[in-house]
Number of protein chains: 2
Amino acid sequence: MSYNQHFEHLLKRHQLKRTEARLRVLSLLVNKKTATSQPDLESVIGDVDRVTLYRILSAFEEKGIIHKVFDLNGTANYAICADDCDEHHHHDEHLHFNCSNCKNVYCLDELDMPPIVLPAGFKLEKLSFSAVGLCPKCLNK
Amino acid sequence: MSYNQHFEHLLKRHQLKRTEARLRVLSLLVNKKTATSQPDLESVIGDVDRVTLYRILSAFEEKGIIHKVFDLNGTANYAICADDCDEHHHHDEHLHFNCSNCKNVYCLDELDMPPIVLPAGFKLEKLSFSAVGLCPKCLNK
DNA sequence: TAGCTTAATGCAACTTTATTGCATTTTATT
DNA sequence: AATAAAATGCAATAAAGTTGCATTAAGCTA
Ligand SMILES: [Mn+2]
Ligand SMILES: [Mn+2]
Ligand SMILES: [Zn+2]
Ligand SMILES: [Zn+2]
């Protein structure tokens, strides 16, 4: 199945209309190990309004297609979700690594994260782990 | 030792001049279990310029007096550091709990966090743990 | 395939958080 | 009291994100 077919199916499954802008966003995010911000997306996507991008990103996030993670500047970055995310629940409790040099945010989803027990009285909905440091590319320079 | 004496000593130790605004910021942050944003600070601190607040907060962060944590909107929030933080190194790798209802960010520094091992090639500088859910106050309503 | 309905987009205006430059004031030291 | 450096205030600017509304396009249905 081609990427395009896959994307179209994904949109249909989530009751989102198949539009050029959405397909382009998906193709820019898929197979990336790092998360992407709206400003970065805007600079490469071509002829799509900036507001439309914000709206596509939040629609995708609500549907469980992408997940949001903040970088070191507090800017939202987005990456494709694990397969088992949906509009009711995200399962992206993997480690996000922020490179202090190149500012990339890596989704290290192959790592298992330990369980965290909260103090009594707190009701946990979602956990997240993040690290700051140097990524392999920046370390080799 | 009174709080004011403590604050003055703290400022002197970090080679920061003793100013009214800085003392007020310290007195607003000390003994709080939750982190505070510049906008929140601004709304209660009285006659201090907003830019001055930003500058005080970043000076304090650099010196290891306070640490920064982003809330669910990507806004920076600040809280007093553990005693062993200094200008070279922060040690605030505790869990930050974001209440999805009241939006407060709790520093749960009494909890021990497990060690996290990164994949080869990544050099770790700082780890952080964050959770989203309902805080005790909001749960009891 | 034409018509209809609803969702998606584009554009302008606006909001919030944060930063920068520069003149003025204040602090700490001598 | 004089001085030098640091801190502040103010105005302007920047960046990320949001809202309202008119227009356009997508997906049905007849
Ligand atoms: Mn991720
Ligand atoms: Mn904290
Ligand atoms: Zn890097
Ligand atoms: Zn709460």
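Chain A is the first sequence line, chain B the second, and so forth, proteins listed ahead of strands; every chain is numbered from 1.
Salt-bridge annotation for A:Glu20 and A:Arg24: present, with a side-chain N of the basic residue lying under 4.0 Å from a carboxylate O of the acidic one.
When rounded to the nearest whole Å, the span between CG of B:Asn73 and C1' of D:dG17 equals 10 Å. Atom C1' of nucleotide D:dT18 and atom CZ of A:Arg55 are separated by 9 Å, given to the nearest angstrom. For the pair A:Glu8 CD and D:dA26 P, the interatomic distance rounds to 12 Å; values are reported in whole Å. Atom-to-atom, NZ of B:Lys63 to C1' of D:dA7 comes out at 14 Å; the value is rounded to the nearest Å. The separation between A:Tyr78 atom OH and D:dA16 atom C1' is 10 Å, rounded to whole Å. Atom P of nucleotide D:dA15 and atom CG of A:Leu41 are separated by 18 Å, given to the nearest angstrom. Distance A:Leu72 CG to D:dA15 C1': 17 Å, rounded to the nearest Å. A:Glu42 places its CD atom 16 Å from the P atom of D:dA14, with the value rounded to the nearest Å.
Nearest heavy atom pair, residue B:Leu72 against residue B:Ser100, reads CD1-CA, 4.2 Å. Considering all non-hydrogen atoms of both residues, B:Leu95 and B:Ala131 come closest at CD1-N, 3.9 Å.
Using cut-offs of 30° and 60° on the angle between ring planes, the pair A:His67 and A:His96 is tilted. Relative ring orientation between B:Phe7 and B:Tyr3 is described as parallel, the plane-to-plane angle staying below 30° on a 0-90° scale split at 30° and 60°.
The phosphate of D:dT18 has neither OP1 nor OP2 within less than 4.0 Å of any side-chain N or O from A:Tyr54.
A:His14 and A:His9 have their aromatic ring centers separated by at least 6.0 angstrom.
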Check the pair A:Ser37 / A:Thr75 against side chain to side chain donor-acceptor pair (under 3.5 Å), numbers first and verdict last.
CA-CA 7 Å; A:Ser37 65; A:Thr75 303; over 6 Å; no
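Near DNA chain C, meaning a heavy atom under 4.0 Å from it, residues 16-25 of chain A has A:Leu16, A:Lys17, A:Thr19, A:Ala21, A:Arg22 in order of number.
Residue pairs meeting the salt bridge (charged side-chain N to carboxylate O under 4.0 Å, His left out) criterion with at least one member in residues 115-129 of chain A: none, sequence neighbours excluded.
Between chain A and DNA chain C, the heavy-atom contact criterion of under 4.0 Å yields a 5' to 3' nucleotide range of C:dT6 to C:dA12.
At a threshold of 4.0 angstrom between heavy atoms, the contacts of B:Ala76 are confined to the sugar-phosphate backbone, with no base atom among them.
Considering only heavy atoms from C-beta on, A:Asn98 stays 4.5 Å or farther from A:Val69 through its side chain.
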